[in-house]
Every structure is written in structure tokens, then in C-alpha cells.
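The structure appears right after this line, and notes come after that.
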Amino acid sequence: MNNTYEISPNIYWVGGNDRRIERFENMFPLTNGVSYNSYLIMDEKTALLDTVDSAISAEYLENITQVLKGRDLDYLVINHMEPDHCANIEEILRRYPGVNVIGNAKTFQFFNQYYSMDMSENFLEVKEGHEISLGEHTLRFYMAPMVHWPEVMVTYETSKGILFSADAFGAFGALSGNIFADELEYDSYYLDEARRYYTNIVGRFGNQVQALFKKLEGLDINMICSLHGHIWRGDMISFILDKYDKWSKYLPEKKGVVLAYASMYGNTENAVNALASKLAQRGVKDMRVYDVSKTHPSYIISDIFKYSNVVFASPTYNMQLYFPMDALIRELSVLNINNRKVSLIGNHTWASAALKQMTELVSNMKNMDIIGTPIDINSSLREDREHELDELADIIYQSLQE
Ligand code: FEO
């Protein structure tokens, strides 16, 4: 049974969901799967925008067959050459051998690196601002390098003002019948997954996202169709643009504290719980406390993008920073997180390394201010040092008032 959705007259969503997938890119846990979106425009010419992951090929190909109703496919636009969107290109070429495959020079380079089919006769290379008319609909192409890969481009349909945005504005989570973000209580569950998707997948490339925004300035955009997640229209367009603007500028969405700790026997955890309690008693609300050994870093990273302050607390292990904490901070560094206030707590029994290494890692990141005097616990925090925790709580609280 096909499953398609006419999102605008003669423009169809022909993608699908994968709820069985455990991890996106074999790295990021998915509790509610992911959607792979593809769109088919029916006009004097027919145009398919991107394909989908191999996990849902059968349903996808049935969708296309149903919408085309025996017509040929004239164009396949490849906005992004990552395999979660490209796994069906060869099959599309086999089924529609005359199809013109639209991309840029890098698109075709990457295709030839991944796949063995010779499609040199089908290549149709486009450059910035090129347009292709399908009849009533016209496609205009904008290059969007590094949003998320170097070959990425976005396609703007000029008659309806629809932006086919590749990975940009995407989200984790399968679609549950409602294909438009305005049909959901997006701000609760779905926004967290959109943030986790952006920060972990595209987070490193904030400058490139801003560059794309500049290119699109002045365009009349009525709908944004990403390759993952829901479609944006109406008021939800400014909603997600505002989020993307903050995320890509590394600006926190709200003042608040994420406390991420590593703890082998509960002593570092105890200090963090005590600090969180002291912060709460000073009036700090909506804190997030995470055990880095328990919670996948993608969730912690997402919240560190959301909030203004972070506390890292970790023991020394084998004369190093405890490895999951080391990995978390290094990943944050790779994702270019900046503009946060950071407080540090180390712990050791006979030789201190964790606090020193956390200090070095954070100091090497851009615009990450270490606030308060770092605390280096000796095995467990005793009452005679509680005043250090109080002083740190005061400093963090004050920073939230600025
Ligand atoms: Fe959904 Fe960058 O691929």
C-alpha cells in the first residue's frame, strides 16, 4: 500500500519512516525512529527531489509509482549525497533511464565514489541561481556547502515559495500521520528532537547555516520541506527560523544550568546533587543533571546548546580525565559550542588530573568562560568544604541574573 501526501497542489511527499532503526548514523539513539522525506512534483515535467534510505526502498518506490501513474520521471534533484537520501538513485535510474539527474560538481563526484552505475549521460550540472522550469513550477538552486556536507544545495520552488532544504530544518523522529509541524504540540516533545538533530548533526557548521540564511534573505518562503521530520508552514516557519538562528549563532535559548557529571562510586555525583540543590534553593529553575556514563552525549549536547550555563564534574581515571567526560567535552569542542559559562569540579583520591584536563579543554574552546573557583574534591566532599560549593552556587546564580 502506498503512503503519499499532497502537501501543495501537485506536489507530493513520497517518503517514509523507519521506526526500527536503533541509531542514526549508527551513533545517535532514536527512540522514535526517523523519517526520510522525498518529494515529487507533477507538472508538464515531473521532478523528484532526493531519494531515501535503503531501509524503506520498497515503500518508497511504490509511492513514486503510484503518484507518477505511468508517467515518466523527467528530473531527479539531488540536494544531498549522504546515503540516507541516495540509496535509491541507482534504482531510479534503472526504472527511469532517461531521467535528468540534477546536482553540482561535488554531487557527481560523491555519487561516483559511492556507486558504480555510470550515469554520466544523465548528469545535469547546475550552479548557484540556475533555474529549471517544470511548467507551472520552477526550481531554483542555491548552494549550501557544509549544511551538512560540501555538496549540499537547496532547491527553491518559485511559484509556491517552497524551500526544499536538504538536512536543514530536519529532526529526529518518525512522522505520525501529521506531516506538518503546525499540526502538533511541537514545543514539547518534537522540539527537543529537532534540537538534538541540529546540534549533533549540523551543530559544527553554524557559520555555514548563517551563510545560507543570508542567501535566502528576501525570498518569499511559504513552506520548508526538509529531508527529515515535519514540514514547516505558517507561523511555524518563523518559529524554526528563530531556533536555527540561535543554534547556529551558538546563543542559548534560555538561562539555565546543565550539570553533567561522571562518577564511579557516587561521590562526584553527590557533590553535583548538592550543588543542584543549592542552586534550586537560590531560585534556579529547570536544571538538567546528567550522568555522562548513562545518558548518550547527544542528549547532553543538545541541552548544553539550549542553556546558558554548564557544570562539568569528573573524577580522575588512570591519571586522565574520566573517558566519557573527556569524550563529551571533546565532542562539544568539535561542534564549536561557544558563548557558555562553565563551572568545574574535579575529584581524585591520590593524584589530580581531571580538573586540570577539563580546564585545558574548556580553555581551548572559544568564548567559554570558566566562572567560580573550580573545586577539586579529595575522594568525597566533606562538610568542611561545603562553603566552596556555596560560593560556586552563588557565582552561578549571579551569572544567571546578568
Ligand atoms: Fe540526512 Fe546529512 O543526511
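Indexing begins at 1, ligand by ligand and atom by atom, following the structure's order.
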Legend entry - Residue pairs passing the side chain to side chain donor-acceptor pair (under 3.5 Å) test where at least one lies in residues 334-346, sequence neighbours excluded: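 Those involving residues 334-346 are Asn339-Asn367.
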
Legend entry - Sub-2.8 Å protein N, O or S atoms surrounding atom 1 (Fe) of ligand 1: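 Per the 2.8 Å query on atom 1 (Fe) of ligand 1, atoms found are Asp84 OD2, His85 NE2, Asp167 OD1, His228 NE2.
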
Taking the six-membered ring for Trp, are [X] and [Y] parallel (under 30°), tilted (30 to 60°) or perpendicular (over 60°)?
X	Y	result
Phe213	Tyr244	tilted
His296	Tyr299	perpendicular
Phe180	Tyr5	perpendicular
His85	His80	tilted

Legend entry - Which atom of Ala276 lies closest to which atom of Met287, heavy atoms considered: O-CE, 3.3 Å

